Amino acid sequence: MFRGFAIDYVIQAHGLVFLSGWVAGGKAETVLRQHDRGAKAGIGAVTFFRRPDLEAAYPSPGANVRGMLVVIEVASGAIFTLCGTRFLLASPEPGAPGLERLLAEHKARIGFLLRVTADRPGLCAEIASQVIPISSPRARGFIEQAKGVAAHGGIVVGWVVVCPGVRLALADSAGNFAWMDKAVRWHRPDIVDAFGHEFGNDTFNAGFMHAWHKPIHMGQEIRLIAVDGDEACTAAVARWDSAPQEPVSFARWAFALPTPPDRFFERLEQHDGAIIESLVRAKLSGRPRDSMEITNFGQPPSDPTCSVVVPLFGRFDFMLNQLLAFSEDEEIRDGAELIYVVDDPRILSDVRRTAPRLFEANRVPFRLVSADDNRGYSGANNVGIAVARAPNLLLLNSDVIPIEPGWLGKMLGVLETRADVGAVGARLFYPNGSIQHDGIAFAWEPDLNAHVNKHPGMGLEAGSPSATATPRVAVTGACLLMRRADYLRIGGLDEGFLVGDFEDSDLCLKVREAGYAIVCVEDVHLVHLERQSFAAIGQDNFRNLVVRYNAWRHEKRWKAAISAILASGKAQ
């Protein structure tokens, strides 16, 4: 039972009630009861601490006098029970003590307050501002990088070792706060060597990375806080520095930070995925739409039936092969609007210099379009489509070479006769005659934790082609035909993917979402040299991680739709 207790003061702030006082006797679990009228089923916690002044006043060994700090979620006018006594909480009077007094007098219990208010970031930030910058024998840490972009967020990287039970958080000087429970961790042999004698196995996975999804001011302080029981300390301090603002450059920097492959999907979900998406949106919204330069070679058809859009990146020598094939195809030479989009400033000058000779050699009219920057596969196609005039659009890779004429007419015939079809693909071959593409299927890839695009039949010998268009779940963007109106209605190619992956399957899934079918024309002969231009991007680890990012983004949007396709047995 309680021998006595007293409440020194009561503070109401952020929808909570803080009571500071003392108690003699009694058990911890009997101090607070919150089942009375008006009390909420939320926060209710108490911690005890030594009060030397009371111990001197009550020297009896059995007195058991302790300081007491209580946090309770209860509204004004509610009744709650404390130490066996019922209280009615009155509204605070003007000039009543504020949270500043509580934090000033209970610095040694900041950890308790942070733990109790963990789901209230605003309050946690105010409490964290009072964390004492002292070292702790149970926590060591260092912030090696704190980089971000002002309006988009940033990443904090470093190392930290803590004893079991210590919880970590980040706080800045602007009053923002975030727990680090979902930080990405990795092994640091240097930290094991430095602190293994002191922390033992707790030095494993000392490296950490955590995103900061809050506004950043360069030079502003960011602190690593260790919460240990009732106490809290600052384990490390750094100041924000600038990270690359261009999305691919930011990703190149961020993806260089070590992450276990099996946790990369989780990392994107919890940390830098949202930052990269935000940077992409900012880049797209700030990009001028009317900065294209257009040059015509020859006289294009006055009323084309189809606009053929061909992006050029890395290399442009395939133009010669394509134009030579097009020169022998009356449907393209006389009825199609051919648009080459230069999506690589590095080759723009050479393309401009070579284009007149290519036209003179093949006499196939074409338009050369450039936007003076690299916009990626989706962006380059959208630049071409923005100037296209025909009612139908064909997305065509520069490394797709027709072997015989008539192929475009066969694809257009499907759109003209079948209103239910929204996208038409074509069977593509490797130079050795085996199949490169005959439609896209989705398959689960455990390593990426996402569904990926597969080409069933790739590398196999082609059988007799079907005389009619065959249904497919999706088709490659290397040769994809749509009505212009349908393309614009569903939003076209998404420019939010990095470098180039999954844009075509994303487009096809939007076609299916709009209620249209997708088919593949097999009775055509087109050779696809497959991703030759991507050799300019490289096949290093960054390229692999970009694929993982795009897979994560694709999965986030289409997981339910793909799962339904697979469950229906229509995978291919």
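None of the values given here were measured: they were computed from a predicted structure.
Here the side chain of Trp253 pairs no donor or acceptor atom with the backbone of Pro244 at under 3.5 angstrom. Using modelled atom types, no side-chain atom of Thr354 and backbone atom of Val351 make a donor-acceptor pair closer than 3.5 Å. With hydrogens and angles disregarded, a donor-acceptor distance shorter than 3.5 Å links the side chain of Arg185 to the backbone of Gly207. Between the side chain of Asp343 and the main chain of Ala380, no donor-acceptor pair closer than 3.5 Å is present. No donor-acceptor pair closer than 3.5 Å links the side chain of Asn550 to the backbone N or O of Phe502. Judged purely by atom type and a 3.5 angstrom limit, Gln322 uses its side chain to pair as donor or acceptor with the backbone of Asn397. At distances below 3.5 Å, not a single donor-acceptor pair connects side-chain atoms of Ser278 with backbone N or O atoms of Ala274. No donor-acceptor distance shorter than 3.5 angstrom exists from the side chain of Ser370 to the backbone of Val342, with no hydrogens or angles considered.
Interatomic distance, NZ of Lys454 versus NE2 of His451, reported as 12.0 Å (0.5 Å rounding). Here the CD1 atom belonging to Ile332 is positioned 8.5 Å from the SG atom belonging to Cys306, to the nearest 0.5 angstrom. A distance of 15.0 Å separates CD1 of Ile401 from CZ of Phe429, quoted to the nearest 0.5 Å. Residue Cys508 holds its SG atom at 5.0 Å from CG of Leu480, rounded to the nearest 0.5 Å. Separation of atoms CD1 (Ile143) and CD (Glu221) is listed at 9.0 Å; rounding is to 0.5 Å. The CZ atom of Arg223 lies 4.5 Å from the OG1 atom of Thr234; values are rounded to the nearest 0.5 Å.
In terms of heavy-atom proximity, Arg472 sits nearest to Gly439 at CD-CA, 3.8 Å. In terms of heavy-atom proximity, Gly153 sits nearest to Ile275 at C-CD1, 4.0 Å. Listed here is the closest heavy atom pair of Ile225 and Ala171: CD1-CB, 3.7 Å. Leu393 approaches Arg484 most closely through the heavy-atom pair CD1-CA, 3.8 Å. Residue Met482 comes nearest to Ile490 through the heavy atom pair CE-CD1, 3.9 Å, listed as atom of the first residue, atom of the second, then distance. For Val475 against His437, the heavy-atom pair with the smallest separation is CA-NE2, 3.7 Å.
Contact check for Val519 versus Val414: side-chain heavy atoms found under the 4.5 Å cut-off. Between Leu428 and Thr476, some side-chain heavy-atom pair lies under the 4.5 Å cut-off. For the pair Arg315 and Ser398, the minimum side-chain heavy-atom distance is 4.5 Å or more. Under the 4.5 Å side-chain criterion, counting only non-hydrogen atoms from C-beta, Asp193 is not in contact with Thr203. Put simply, the side chain of Asp272 reaches to within 4.5 Å of the side chain of Arg267, judged on heavy atoms. When side chains are defined from C-beta on, Val387 counts as touching Met292, because their heavy atoms get closer than 4.5 Å. Using a 4.5 Å heavy-atom threshold, the side chains of Val160 and Leu168 count as touching. Looking at heavy atoms from C-beta onward, Ile222 lies in side-chain contact with Trp212 at the 4.5 angstrom threshold.
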Inset, instruction - Step by step, work out the salt bridge (Lys or Arg N to Asp or Glu O under 4.0 Å) result for Arg167 and Asp181. - result: CA-CA 8 Å; Arg167 193 178 182 188; Asp181 299 340; 2.6 Å; yes
Inset, instruction - Applying side-chain contact (heavy atoms from CB on, under 4.5 Å), run through Arg512 and Ile518 and close with a yes or a no. - result: CA-CA 7 Å; Arg512 294 176 60 89; Ile518 297 172; 3.6 Å; yes
Inset, instruction - Kindly determine whether Gln145 and Ile155 satisfy side-chain contact (heavy atoms from CB on, under 4.5 Å), including the steps that lead there. - result: CA-CA 8 Å; Gln145 294 187 69; Ile155 298 175; over 6 Å; no
Inset, instruction - Would you check, one step at a time, whether the test side-chain contact (heavy atoms from CB on, under 4.5 Å) holds for Cys520 with Val424? - result: CA-CA 6 Å; Cys520 182; Val424 181; over 6 Å; no
Inset, instruction - Determine, step by step, whether Phe265 and Leu448 satisfy the side-chain contact (heavy atoms from CB on, under 4.5 Å) criterion, reporting the C-alpha distance in whole Å, the side-chain angles of both residues, the deciding distance to 0.1 Å, and the verdict. - result: CA-CA 7 Å; Phe265 190 99; Leu448 298 182; over 6 Å; no
Inset, instruction - Could you walk me through whether Asp447 and Arg548 pass the salt bridge (Lys or Arg N to Asp or Glu O under 4.0 Å) test, one step at a time? - result: CA-CA 9 Å; Asp447 183 51; Arg548 290 177 178 271; 2.7 Å; yes
Inset, instruction - Go through the steps for Glu513 and Lys510 under the test salt bridge (Lys or Arg N to Asp or Glu O under 4.0 Å), then give the verdict. - result: CA-CA 5 Å; Glu513 187 178 52; Lys510 287 195 286 188; over 6 Å; no
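Every pair passing salt bridge (charged side-chain N to carboxylate O under 4.0 Å, His left out) that includes a residue from residues 552-567 is listed here, sequence neighbours excluded: Glu277-Arg553, Glu277-Lys556, Asp494-Arg553, Asp506-Arg557. Sorted by first and then second residue, the pairs that involve residues 236-249 and meet side chain to side chain donor-acceptor pair (under 3.5 Å), not counting sequence neighbours, are Glu246-Ser249, Glu246-Lys283.
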Under 3.5 Å, sequence neighbours excluded: what are the donor-acceptor pairs made by side chains of residues 120-129?
unit_1 : atom_1 : unit_2 : atom_2 : d
Arg120 : NH1    : His14  : O      : 2.6
Arg120 : NH2    : Glu73  : OE2    : 3.0
Glu126 : OE1    : His14  : NE2    : 3.0
Ser129 : OG     : Glu126 : O      : 2.5

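With no hydrogens or angles considered, no side-chain donor-acceptor pair links Asn382 and Tyr377 at under 3.5 Å. Under 3.5 Å, the side chains of Asp344 and Asn374 contain no donor-acceptor pair of N or O atoms.
By the 30° and 60° cut-offs, the orientation of the rings of His554 relative to Phe497 is tilted. Between His271 and His210, the two ring planes are perpendicular [angle over 60°; tilted spans 30° to 60°]. Between Trp552 and Tyr549, the ring planes are tilted. Angles from 30° to 60° get that label.
Ring centers of His528 and Tyr430: at least 6.0 Å apart, outside the cut-off. Residues Phe442 and Trp444 place their aromatic rings such that the two centres sit no closer than 6.0 Å. Two rings, from Phe255 and Phe264, have their centers less than 6.0 Å apart. Taking the six-membered ring for Trp, Trp159 and Phe195 have ring centres closer than 6.0 Å.
For Arg252 and Phe542, the positive end sits near the middle of the six-membered ring, less than 6.0 Å away and at most 45° from its axis.
Under the side-chain contact (heavy atoms from CB on, under 4.5 Å) criterion, Asn362 pairs with Leu320, Leu323, Leu324, Ser327, Val364, not counting sequence neighbours. With sequence neighbours excluded, the residues satisfying side-chain contact (heavy atoms from CB on, under 4.5 Å) with Arg389 are Pro300, Pro304, Glu337, Arg367. Taking the side-chain contact (heavy atoms from CB on, under 4.5 Å) definition, one finds that Asp373 meets it with Arg287, Ala371, Arg375, sequence neighbours left out.
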